[in-house]
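Heads up, the thing below is written out as structure tokens.
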Amino acid sequence: MKKLILTLLLGAFVMAGTAVAQATNTKTAVVYFSATGTTERMAKDTASAMGADIFEIEPVHKYTSADLNWNDRKSLSSIECNDPKSRPAITHPIDISAYDTVILCYPIWWAYAPKIMYTFAESQNWSGKNLITLCTSGGSGLGRSGSDLAKYAKGAAFKGGKDFTRGSGDDVKKYVEGLK
């Protein structure tokens, strides 16, 4: 009888230990789009500080400085920002199926995430995933861009977002860990 109870207790401890290990063994991906390199630096610092995998969203059409001229109503970025249905094509698919948490990093364009971020969000299965958004901005901050993107990331648990234009990878890590 003692052996049976000891065996059951030992089995329970092993199972509990396995469950704790599985619960703390989450995988995080940092997925970013950067047209000028500012967001790329922030995303790489974030991935490095968190030990996360990193993926770049690359547009089929690379943005030139003329495309990014917000003073020109006919620039590509102005046209995309003014068209709610715009979904620029991505060069290669990114698979987030193996990740529990996905951190989307992007610049703010005219108070919103670039439309290519919506292309990405709509292309994924977000069921059971945590979504965190981080941005870089010349002045307007995160605004509603994170919650707007979360609407297109069907099934994701949106944990929040923040502007990290002037933050270190360690600052981002502390913020993200506070959201999880």
Report all side-chain donor-acceptor pairs from residues 134-151 shorter than 3.5 Å, counting only partners two or more places apart or in another chain.
| from | atom 1 | to | atom 2 | distance (Å) |
| --- | --- | --- | --- | --- |
| Thr136 | OG1 | Thr39 | OG1 | 2.5 |
| Ser137 | OG | Gly139 | N | 3.0 |
| Ser137 | OG | Ser140 | N | 2.9 |
| Ser137 | OG | Gly141 | N | 3.0 |
| Ser145 | OG | Tyr106 | OH | 2.7 |
| Ser145 | OG | Leu142 | O | 2.8 |
| Ser147 | OG | Arg144 | O | 3.1 |

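- Of all the heavy atoms in Asn69 and Ser75, the pair that sits closest is O-OG, 3.0 Å.
- If you take NZ on Lys27 and OG on Ser97, they are separated by 9.0 Å, rounding to the nearest 0.5 Å.
- Exactly one residue among Asn130, Asp53, Thr26 makes a side-chain hydrogen bond (donor to acceptor under 3.5 Å, both in side chains) with Tyr99. That residue is Asp53.
- In terms of modelled atom types and a separation under 3.5 Å, the side chain of Glu122 and the main chain of Met117 share no donor-acceptor contact.
- Atom CD1 in Ile103 sits 10.0 Å away from atom OG1 in Thr133 (nearest 0.5 Å).
- Residues Ile108 and Leu76 share a hydrophobic cluster, clusters being chains of Ile/Leu/Val/Met/Phe/Trp/Tyr side chains in contact below 4.5 Å.
- How far CD of Glu177 is from OG1 of Thr28: 9.0 Å, rounded to the nearest 0.5 Å.
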Start with the C-alpha distance between Val31 and Val102, add both sets of side-chain angles, then the distance that settles side chain to side chain contact (heavy atoms under 4.5 Å, CB included), and finish with yes or no. CA-CA 7 Å; Val31 180; Val102 178; 3.9 Å; yes
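- The number of heavy-atom neighbours closer than 6.0 Å to OH of Tyr175, taken from other residues, nucleotides and ligands shown, is above 12.
- With sequence neighbours left out, the ring-ring contact (aromatic ring centres under 6.0 Å, His included) criterion links Trp109 to Phe33, Tyr63.
- Residues that satisfy the ring-ring contact (aromatic ring centres under 6.0 Å, His included) test with Phe120, not counting sequence neighbours, are absent from this structure.
- Closest non-hydrogen pair, Ile57 versus Pro59, comes out as O-CD, 3.8 Å.
- Using a 4.5 Å cut-off between side-chain heavy atoms of Ile, Leu, Val, Met, Phe, Trp and Tyr, with links allowed through other members, Tyr118 and Tyr32 fall into different hydrophobic clusters.
- Put simply, the side chain of Arg87 gets close to the backbone of Pro84: a donor and an acceptor are under 3.5 Å apart.
- A 4.5 Å side-chain heavy-atom check between Pro93 and Ser123 finds every atom pair outside the cut-off.
- Going from atom CE of Met50 over to atom NZ of Lys173 covers 7.0 Å, rounded to the nearest 0.5 Å.
- Under the 4.5 Å side-chain heavy-atom criterion for ILVMFWY residues, no single connected hydrophobic cluster contains both Ile132 and Trp126.
- Ser77 has its side chain within reach of Trp110: a pair of non-hydrogen atoms, C-beta onward, lies under 4.5 Å apart.
- Between His61 and Pro88, the closest side-chain pair of non-hydrogen atoms is not below 4.5 Å.
- Between Val30 and Cys105, the closest side-chain pair of non-hydrogen atoms falls below 4.5 Å.
- The two residues Leu179 and Lys159 have their closest heavy-atom pair at CD2-O, 3.4 Å.
- A donor-acceptor pair is defined here as one N or O able to donate and one able to accept, closer than 3.5 Å; no such pair exists between the side chain of Thr91 and the backbone of Val60.
- Atoms CD1 and CD, from Ile90 and Glu58 in turn, are 10.0 Å apart once rounded to the nearest 0.5 Å.
- When all heavy atoms of Glu40 and Ser34 are compared, the closest pair comes out as N-OG, 3.2 Å.
- Side-chain heavy atoms closer than 4.5 Å link hydrophobic residues (I, L, V, M, F, W, Y) into clusters, and following such links, possibly through other members, connects Leu104 to Ile94.
- Interatomic distance, CG of Asp45 versus CZ of Phe164, reported as 11.5 Å (0.5 Å rounding).
- Environment of NZ in Lys44: sparse, with no more than 12 heavy atoms of neighbouring residues, nucleotides or ligands closer than 6.0 Å.
- A side-chain N or O of Thr64 and one of Asp67 form a donor-acceptor pair less than 3.5 Å apart.
- The environment of Lys62 atom NZ is dense: over 12 non-hydrogen atoms of other residues, nucleotides or ligands sit within 6.0 angstrom.
- Remark: side-chain polar atoms of Ser78 are not paired, donor with acceptor, to backbone N or O of Arg73 under 3.5 angstrom.
- Between Lys129 and Ile96, the closest side-chain pair of non-hydrogen atoms falls below 4.5 Å.
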